[in-house]
There are 2 protein chains.
Amino acid sequence: MLKLYGYWRSSAAYRVRVALNYKGLDAELLSVHLVKDGGEQHQAEYAILNPQELVPALIDSDSKGELQGEEQEAFVLSQSLAIIEYLDEKYPENALLPQDLHDRAIVRAMAMSIACEVHPLNNLKVLQYLSKDLALDDGAKSAWYHHWINEGFSAFEKQLVKYSGRYCFGDNITLADLCLIPQVYNANRFNVDLSPYPNIVRIVENCNRLDAFIDAAPENQADAG
Amino acid sequence: MLKLYGYWRSSAAYRVRVALNYKGLDAELLSVHLVKDGGEQHQAEYAILNPQELVPALIDSDSKGELQGEEQEAFVLSQSLAIIEYLDEKYPENALLPQDLHDRAIVRAMAMSIACEVHPLNNLKVLQYLSKDLALDDGAKSAWYHHWINEGFSAFEKQLVKYSGRYCFGDNITLADLCLIPQVYNANRFNVDLSPYPNIVRIVENCNRLDAFIDAAPENQADAG
């Protein structure tokens with residue numbers, strides 16, 4: 001039995017929702033409202049589950065936790081890419097990483113070029129810091145957002161010229177697509193001009209024709225509002 | 001034949017240097033000066049190699065590149081965690097990820113809680129943006145740095161209470177140690193008080209007794225200055 005704690009607009013939760021759909025795995029989706037009441041992710045009950053106070057968190061009650069010498073508990077995992085690699089190893093069907101050592105490495109690097117370079121700079125907690133702690137106005141916040149998106153997407157577009165087929169890496173869905181599509185969804189919210197990135201636009205269109213992506217989209221979640 | 005493009009103070013390159021040492025792999029270390037002349041990582045020759053214009057980049061000339069229908073070239077890989085997973089798969093001896101599915105997932109999540117949450121907010125390009133584009137003074141930059149370090153280390157400390165032994169996850173060196181030690185090196189440069197994190201301090205001391213970490217330390221690199 002899988003449970004995923006997420007939030008409709010969280011890019012990281014969105015990645016995991018696509019993975020679950022693509023692999024045909026049933027999971028109970030539980031909403032952690034990232035804004036209401038200062039953010040439900042900071043409430044004590046959730047913070048015990050994930051001390052990082054971030055979504056997503058996966059609970060796999062088929063697997064046992066790692067506590068030694070204590071009563072075992074369900075397996076709890078944070079960090080979207082770690083969750084997706086775990087699901088891909090436990091449920092190999094509809095693999096999200098290629099079999100070949102080199103191909104797999106390139107896909108991981110493409111995924112991390114978004115997950116480690118773009119998303120961390122533009123997520124909710126950072127934008128809140130810019131507003132509250134640095135008192136940036138909307139123009140300066142927008143410039144920040146666009147700067148990191150454009151830097152990241154420029155490099156990603158060059159990788160796509162080299163590696164893409166129908167999707168980010170060849171003609172199969174991979175972890176790289178699972179990172180790109182939520183980041184583009186987010187970029188559209190911030191009115192980023194995607195015309196310099198024709199391969200990104202093409203691949204987003206291709207992915208968003210698939211049920212795995214459609215069903216995982218923020219606007220199709222029960223907690224969207 | 002392995003070549004690693006890096007820079008002595010780059011935390012991401014430091015992670016890969018430890019991996020190479022720990023696994024006993026010879027690699028030619030090539031320096032890309034991240035500050036001189038506006039940053040050598042932005043020069044055309046390097047940008048072709050790594051369009052993200054970041055270090056590290058690994059070249060494995062034993063392996064062939066992925067270009068189809070063109071002359072094959074050496075395999076080039078970016079993103080430190082993708083590089084380390086590649087090395088760990090290609091050279092399994094002295095594994096940096098545990099064998100057990102659940103243990104491996106936790107180690108990846110711990111590594112990513114630094115690589116995706118702390119380091120991206122405090123690396124050179126971000127601090128340069130804070131100075132140049134946002135005109136923050138040293139106090140505001142320091143507050144930014146300390147905020148994200150303390151948030152990340154607080155969560156990491158809680159993970160260590162649960163999972164650590166002699167090192168971050170049990171008694172073997174893992175990918176999590178390779179992320180923690182460079183981040184603590186960096187935090188010390190910014191005078192972060194580590195006393196709230198006794199497990200982090202303990203594990204850093206344990207790691208820094210090992211040759212793999214000593215030889216990879218920034219001050220022991222040929223390009224240190």
Say you draw a straight line from NE2 of A:His119 to SG of B:Cys116; how long is it, rounded to the nearest 0.5 Å? 9.5 Å

If I take atom CG from residue B:Asp103 and atom CZ from residue A:Phe75, how far apart are they, to the nearest 0.5 angstrom? 8.0 Å

Minimum heavy-atom distance between A:Pro120 and B:Leu121, given as atom pair plus value: O-CD2, 3.5 Å

For chain B, the option from A:Gln159, A:Glu53, A:Lys125 that forms the most heavy-atom pairs under 4.5 Å: A:Lys125

At a 4.5 Å cut-off on heavy atoms, which part of A:Ile84 comes close to chain B: side chain, backbone, both, or neither? neither

When rounded to the nearest 0.5 Å, the distance separating CG of B:Leu101 from CG of A:Asp60 is 8.5 Å

A:Asp138, CG atom: more than 12 neighbouring heavy atoms under 6.0 Å: no

Roughly how far, to the nearest 0.5 Å, is OG of A:Ser78 from CE of B:Met112? 10.0 Å

What do the steps show when you test A:Glu117 against B:Gln79 for side-chain hydrogen bond (donor to acceptor under 3.5 Å, both in side chains), and what is the final call? CA-CA 10 Å; A:Glu117 308 296 341; B:Gln79 288 294 326; 3.1 Å; yes

So, the part of B:Val118 with a heavy atom under 4.5 Å from chain A: the answer is neither

Quick one: what part of A:Val107 sits under 4.5 Å from any heavy atom of chain B, side chain, backbone, both or neither? neither

Under 4.0 Å between a Lys/Arg side-chain N and an Asp/Glu carboxylate O for B:Arg104 and A:Glu89? yes

So if I take each residue of residues 140-152 of chain B and look for any heavy atom under 4.5 Å from a heavy atom in chain A, which residues do I end up with? B:Ala143, B:Trp144, B:His147, B:Trp148, B:Glu151

Answer with side chain, backbone, both or neither: which region of B:Phe156 has an atom nearer than 4.5 Å to a non-hydrogen atom of chain A? neither

Engaged part of B:Leu130 at the chain A interface, taking heavy atoms whose separation is under 4.5 Å: side chain

Greatest number of heavy atom pairs closer than 4.5 Å to chain A - which of B:Leu54, B:Asp133, B:Val126: B:Val126

Against chain A, label B:Ile83 side chain, backbone, both or neither, depending on which of its atoms sit under 4.5 Å from a heavy atom there. neither

Which portion of A:Lys158 sits near chain B, non-hydrogen atoms under 4.5 angstrom: side chain

Could you list which of residues 11-28 of chain A have a heavy atom closer than 4.5 Å to any heavy atom of chain B, in residue-number order? none

Hey, mind stepping through A:His102 and B:Tyr86 against side chain to side chain contact (heavy atoms under 4.5 Å, CB included) and telling me if it holds? CA-CA 8 Å; A:His102 305 95; B:Tyr86 168 76; 3.4 Å; yes

What's the shortest heavy-atom distance between A:Leu77 and B:Ala109, and which atoms? CD1-CB, 3.9 Å

Student check: side-chain heavy atoms of B:Leu81 and A:Arg108 closer than 4.5 Å: no

